[in-house]
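Taking it in order: structure first as structure tokens, then the write-up.
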Amino acid sequence: MTWNREVKAIEERRQLAEGLGGAEAVNRQHEAGRLTARERIGLLVDEESWRELGTMTGTANYDENGQLVTVRPANTIVGTGRINGRRVAVEADDYTIRGGSTEATISEKWEFINRYA
């Protein structure tokens with residue numbers, strides 16, 4: 001028995017989640033002179049130190065056969081990294097997915113990273 005199918009499914013979900021709010025939403029951010037949350041984090045933390053947690057959280061949509069069609073990722077990006085060598089925990093909201101107050105959304109991710117820190 002191999003896990004190839006399951007590993008492929010995980011990678012597909014990760015790629016969907018890393019697409020944030022979709023190409024149109026990312027382009028709208030860039031056209032407005034803004035970066036996505038992951039781009040901002042990439043500038044903040046030391047190179048190759050970022051480890052995202054909960055990348056695949058969000059809402060999945062399936063077709064009538066139970067096959068994954070789309071994933072709308074959670075707008076909160078959390079993880080750990082280093083800034084000037086010092087370990088940090090980071091939380092950022094991505095406005096390509098949803099803007100506004102994190103207090104109005106499901107708060108588990110940012111509460112988790114606060115406790116983790």
>> Under the rule for side chain to side chain contact (heavy atoms under 4.5 Å, CB included), what residues qualify as partners of N61, not counting sequence neighbours?
In response: T70
> Which atoms form the tightest heavy-atom contact between A60 and L68, and what is the distance?
Replying inline: CB-CD1, 3.7 Å
Compile the donor-acceptor pairs under 3.5 Å between side chains in residues 79-88 and protein atoms, sequence neighbours left out, one pair per line.
{"residue": "R82", "atom": "NH1", "partner": "G85", "partner atom": "O", "Å": "2.8"}

> Sequence neighbours excluded, which residues qualify as salt bridge (Lys or Arg N to Asp or Glu O under 4.0 Å) partners of R34?
Replying inline: none
> For E11, which residues count as a side-chain hydrogen bond (donor to acceptor under 3.5 Å, both in side chains) partner, sequence neighbours excluded?
Replying inline: Q15
> Taking only residues two or more places apart in sequence, or in another chain, which ones meet E48 in a salt bridge (Lys or Arg N to Asp or Glu O under 4.0 Å)?
Replying inline: none
>> E39: which residues meet the side chain to side chain contact (heavy atoms under 4.5 Å, CB included) condition with it, sequence neighbours left out?
In response: H30, L35, T36
>> To the closest 0.5 Å, what do you measure between CG (L16) and CZ (R72)?
In response: 13.5 Å
> Can you name the residues that form a salt bridge (Lys or Arg N to Asp or Glu O under 4.0 Å) with R13, not counting sequence neighbours?
Replying inline: none
> Linking Ile, Leu, Val, Met, Phe, Trp and Tyr by side-chain heavy atoms under 4.5 Å, what else ends up with V69?
Replying inline: none
> Counting only N and O atoms by type, is there a donor-acceptor contact under 3.5 Å from the side chain of D46 to the main-chain atoms of S49?
Replying inline: no
> Mind checking what makes side chain to side chain contact (heavy atoms under 4.5 Å, CB included) contact with I113, not counting sequence neighbours?
Replying inline: L53, V78, A89, E91, Y116
> What are the two closest non-hydrogen atoms of V90 and W50, and how far apart are they?
Replying inline: CB-CZ3, 3.7 Å
> Between N65 and Q67, is there a donor-acceptor pair closer than 3.5 Å when you use the side chain of the first and the backbone of the second?
Replying inline: no
>> Within this structure, what is the CG-CD distance for the pair N27 and E31, rounded to the nearest 0.5 Å?
In response: 6.0 Å
> What pairs of residues pass the salt bridge (charged side-chain N to carboxylate O under 4.0 Å, His left out) test when at least one of them lies in residues 51-61, not counting sequence neighbours?
Replying inline: R38-E52
>> The criterion is side chain to side chain contact (heavy atoms under 4.5 Å, CB included); which residues satisfy it with A37, sequence neighbours excluded?
In response: R40, I77, A92, D94
